[in-house]
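What follows is one structure encoded as structure tokens, with my remarks underneath.
A, B, ... follow the sequence lines: proteins, then strands. Residue 1 opens every chain.
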Amino acid sequence: MIALIDCNNFFASCEQVFQPQLAGKPLVVLSNNDGNVIARSSEARKLGIGMGVLAGSVREFVRSHELQIRSSNYPLYGDMSSRVMDTLEALLPRIERYSIDEAFADVSGLSRERLLELFRFVRHRVQRHTGIQVSIGVARTKTLAKVANRLAKRHPELAGVCVGTTTESFGKTLEQMKTRDIWGIGGKISKKLSGFGINNAKQLRDADPAWIKKQFSVVLMRTVLELRGESCLKLEEPEESRKSLMCGRSFGKPLKELEDIRPALTHFVQNAVTRLWKYKQATSALTVYLSTNRFRKNITQRSVSASVELEVTNNLMQLNAAAQRALEQIFKSGFEYHKVGVLLHDFISVKNIPATLFETESGIQASQELMWAVKKINAKFGRYTVASASVSGSADWRARSKFRSPAFTTCWNELPLVRA
DNA sequence: TCTGGGGTCCTAGGACCC
DNA sequence: TCTGGGGTCCTAGGACCC
């Protein structure tokens, strides 16, 4: 049996944990650059505020319903996610961290009653340790666990835990679900399915897998089998899971000059390489992306990328130099650029590389120690206290973030204060 | 004014080989 | 005039997820 543990309204809940005045209020969290809504408290959802709507379109609710607005605060959400995951890991034998707010757990060999008991306890523990509420769905496959989780969220009488041990018990639910609502089925595929007269999840479950494979793909065939209770998607091992790593963001203002874009890229390379170290990986290839704002129809669009192959390395200076060269290759003046980013791929685990392959072991060490020191100082005194030379200078690339709450848990200067 | 960021997996098709 | 066929590897791009 597989369980899916999912944090309710995760980003909004993280904000509410540290700002009790937000509890029970309609609240939305905005994307980078305060562009659109990426999370809503249940009260905001009840107001009819949709996922992904423009920030400007919710302004009326600020006046009429005291809607609260926050910019996204990823250091906070990432840290809260770790706390939730650590709690789950302490209580369950094996979990897969699937996303920032979801985890799968392998829980074979327990009766329905024991599962219910276990997960009611898990839910209570997570709430007590972190202040975050989770919903839990349990079934024979990942895809059905997703369905069970949906039921746990929608039926208050289940108190957040739904265990579906037999496949037949899902029949009625699947009949009422659109194919679009099944995990792994998006807009394109659901449209093509309805062309064949398959409109609900039960019809999909009962379709011929071989035919599905032929008409669609092996991916959708696995979904069909999973809906039938035949597990095709196993829990993934953490060390196998990472294949690439990306860092990039849209700018606060459009940028036209190469020299204005460089510091942004340097910043993203720094961030990406720090994560590379954390995963104990080195890389042998990177790609730099540069593009204009595709939503602005009245400007000339340009979207380009360049890949560079490298000697295996995890050295920040080398990687940044390579990224800057790639940027020079693709940059052309005369465009209003909106976003730059770097993708590191083709990883090799550091422990599998003979030390002699690095030019000097101590050089790597020194570069890493320097970066860790920078990280620590910034964590203590706030972002950008220390940055490499090309990161300082014009700050036009930095995203707008007008409603950002403090980094309550990851920056000493921003710890919440409690007065007694 | 404003339009997210970070991932995975699979497939099709080209290049190349014998 | 005819213009194979099967295999592998690689890359770009599509589709999806949260």
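- Within a 6.0 Å sphere centred on CD of A/Glu257, other residues, nucleotides and ligands contribute 12 heavy atoms or fewer.
- One can place CG of A/Asn271 at 8 Å from P of B/dG6, the figure rounded to the nearest angstrom.
- In this structure, A/Lys178 places its NZ atom where only 12 or fewer heavy-atom neighbours from other residues, nucleotides or ligands lie under 6.0 Å away.
- B/dG4 atom P lies 16 Å from atom OH of A/Tyr77, rounded to whole Å.
- Among pairs with a residue in residues 122-144 of chain A, those fulfilling salt bridge (charged side-chain N to carboxylate O under 4.0 Å, His left out) read A/Glu96-A/Lys142, at least two apart in sequence or across chains.
- An OP1 or OP2 oxygen of B/dC2 is reached within less than 4.0 angstrom by no side-chain nitrogen or oxygen of A/Asn33.
- In terms of the salt bridge (charged side-chain N to carboxylate O under 4.0 Å, His left out) criterion, A/Lys202 has no residue partners (sequence neighbours excluded).
- Here A/Ser250 lies in heavy-atom contact (under 4.0 Å) with sugar-phosphate atoms only.
- Heavy-atom neighbours of A/Gln21 CD from other residues, nucleotides or ligands within 6.0 Å: above the threshold of 12.
- With sequence neighbours excluded, no residue forms a salt bridge (charged side-chain N to carboxylate O under 4.0 Å, His left out) with A/Asp34.
- Within the nucleic acid shown, A/Lys339 comes within 4.0 Å of sugar-phosphate atoms alone, with no base atom in reach, counting heavy atoms only.
- Mapping A/Tyr279 and A/Gly35 onto DNA chain B by nearest heavy atom places A/Gly35 at the nucleotide closer to the 5' end.
- Each side chain to side chain donor-acceptor pair (under 3.5 Å) pair with one or both residues in residues 211-223 of chain A, not counting sequence neighbours, would appear here, but there are none.
- The side-chain hydrogen bond (donor to acceptor under 3.5 Å, both in side chains) test applied to A/Tyr279 returns A/Arg242, not counting sequence neighbours.
- Contacts of A/Arg400 with the nucleic acid, taken as non-hydrogen atoms under 4.0 Å apart, involve only primed sugar atoms and P, OP1 or OP2.
- A/His345 comes within contact range of no nucleotide atom at all, as no heavy-atom separation falls under 4.0 Å.
- For the segment residues 44-69 of chain A, the set of residues with a heavy atom within less than 4.0 Å of an atom of DNA chain B comprises A/Leu54, A/Arg59, in numerical order.
- Proximity of A/Arg222 to the phosphate of B/dC10: a side-chain N or O atom is located under 4.0 Å from OP1 or OP2.
- Contact annotation: A/Ser31 does not reach the phosphate of B/dG5 (side-chain N/O to OP1 or OP2, under 4.0 Å).
- For A/Phe251 and B/dC2, the CZ to C1' distance is 17 Å, given to the nearest whole Å.
- Every residue meeting the side-chain hydrogen bond (donor to acceptor under 3.5 Å, both in side chains) condition with A/Thr409, not counting sequence neighbours, appears here in chain and number order: A/Asp79.
- Distance from the side chain of A/Val218 is smallest to B/dC10 among B/dC10, B/dG4, B/dC2.
- Between B/dC16 and C/dG4, the distance separating the two C1' atoms is 15 Å to the nearest Å.
- Atom CE of A/Met221 is separated from atom C1' of B/dC10 by 13 Å (rounded to the nearest Å).
- For the residue pair A/Asn8 and A/Ser135, a side-chain donor N or O sits within less than 3.5 Å of a side-chain acceptor on the partner.
- Evaluation of the side-chain hydrogen bond (donor to acceptor under 3.5 Å, both in side chains) rule for A/Gln127 yields no partner, not counting sequence neighbours.
- Stems are defined here as 3 or more consecutive Watson-Crick or G-U wobble pairs with pairing distances under 3.5 Å; those involving DNA chain C are B:5-18 with C:5-18.
- For the pair A/Lys142 NZ and B/dT8 P, the computed distance is 13 Å after rounding to whole Å.
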Show each protein N/O and nucleotides 16-18 of chain C N/O combination with a separation under 3.5 Å, one pair to a line.
{"unit_1": "C/dC16", "atom_1": "OP1", "unit_2": "A/Gly186", "atom_2": "N", "d": "3.1"}
{"unit_1": "C/dC16", "atom_1": "OP1", "unit_2": "A/Gly186", "atom_2": "O", "d": "3.3"}
{"unit_1": "C/dC16", "atom_1": "OP1", "unit_2": "A/Lys188", "atom_2": "N", "d": "3.4"}
{"unit_1": "C/dC16", "atom_1": "OP1", "unit_2": "A/Ile189", "atom_2": "N", "d": "2.8"}
{"unit_1": "C/dC16", "atom_1": "OP2", "unit_2": "A/Lys188", "atom_2": "N", "d": "3.3"}
{"unit_1": "C/dC16", "atom_1": "O5'", "unit_2": "A/Gly186", "atom_2": "N", "d": "3.4"}
{"unit_1": "C/dC16", "atom_1": "O3'", "unit_2": "A/Gly184", "atom_2": "O", "d": "3.4"}
{"unit_1": "C/dC16", "atom_1": "O3'", "unit_2": "A/Ile185", "atom_2": "N", "d": "3.4"}
{"unit_1": "C/dC17", "atom_1": "OP1", "unit_2": "A/Gly184", "atom_2": "N", "d": "2.9"}
{"unit_1": "C/dC17", "atom_1": "OP1", "unit_2": "A/Ile185", "atom_2": "N", "d": "3.1"}
{"unit_1": "C/dC17", "atom_1": "OP1", "unit_2": "A/Ile185", "atom_2": "O", "d": "3.2"}
{"unit_1": "C/dC17", "atom_1": "O3'", "unit_2": "A/Trp183", "atom_2": "NE1", "d": "3.3"}
{"unit_1": "C/dC18", "atom_1": "OP1", "unit_2": "A/Lys146", "atom_2": "NZ", "d": "2.5"}
{"unit_1": "C/dC18", "atom_1": "O3'", "unit_2": "A/Ser99", "atom_2": "OG", "d": "3.1"}
{"unit_1": "C/dC18", "atom_1": "O3'", "unit_2": "A/Asp101", "atom_2": "OD1", "d": "2.7"}
{"unit_1": "C/dC18", "atom_1": "O3'", "unit_2": "A/Glu102", "atom_2": "OE2", "d": "3.2"}

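- Per the geometry, NZ belonging to A/Lys278 stands 13 Å off P belonging to B/dG6, to the nearest Å.
- Of the two residues contacting DNA chain B, namely A/Met246 and A/Asn293, the nearest-nucleotide position lying further toward the 5' end is that of A/Asn293.
- Within 4.0 Å (heavy atoms only), A/Gly248 reaches sugar-phosphate atoms of the nucleic acid but no base atom.
- Straight-line distance from the NE2 atom of A/His338 to the P atom of B/dG4: 6 Å, rounded to whole Å.
- In this entry the distance linking CG of A/Asp346 with C1' of C/dA12 reads 14 Å, nearest Å.
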Please list, one pair per line, the donor and acceptor atoms closer than 3.5 Å that link side chains of residues 60-69 of chain A to other protein atoms, with sequence neighbours excluded.
{"unit_1": "A/Ser64", "atom_1": "OG", "unit_2": "A/Glu60", "atom_2": "O", "d": "3.0"}
{"unit_1": "A/Gln68", "atom_1": "NE2", "unit_2": "A/Glu66", "atom_2": "O", "d": "3.2"}

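- Taking 4.0 angstrom as the limit, A/Arg249 places a side-chain polar atom (N or O) nearer than this to OP1 or OP2 of B/dG6.
- Within 4.0 Å of A/Asp34, counting heavy atoms only, lies no atom of the nucleic acid at all.
- Residues passing the side-chain hydrogen bond (donor to acceptor under 3.5 Å, both in side chains) test with A/Thr167, sequence neighbours excluded: none.
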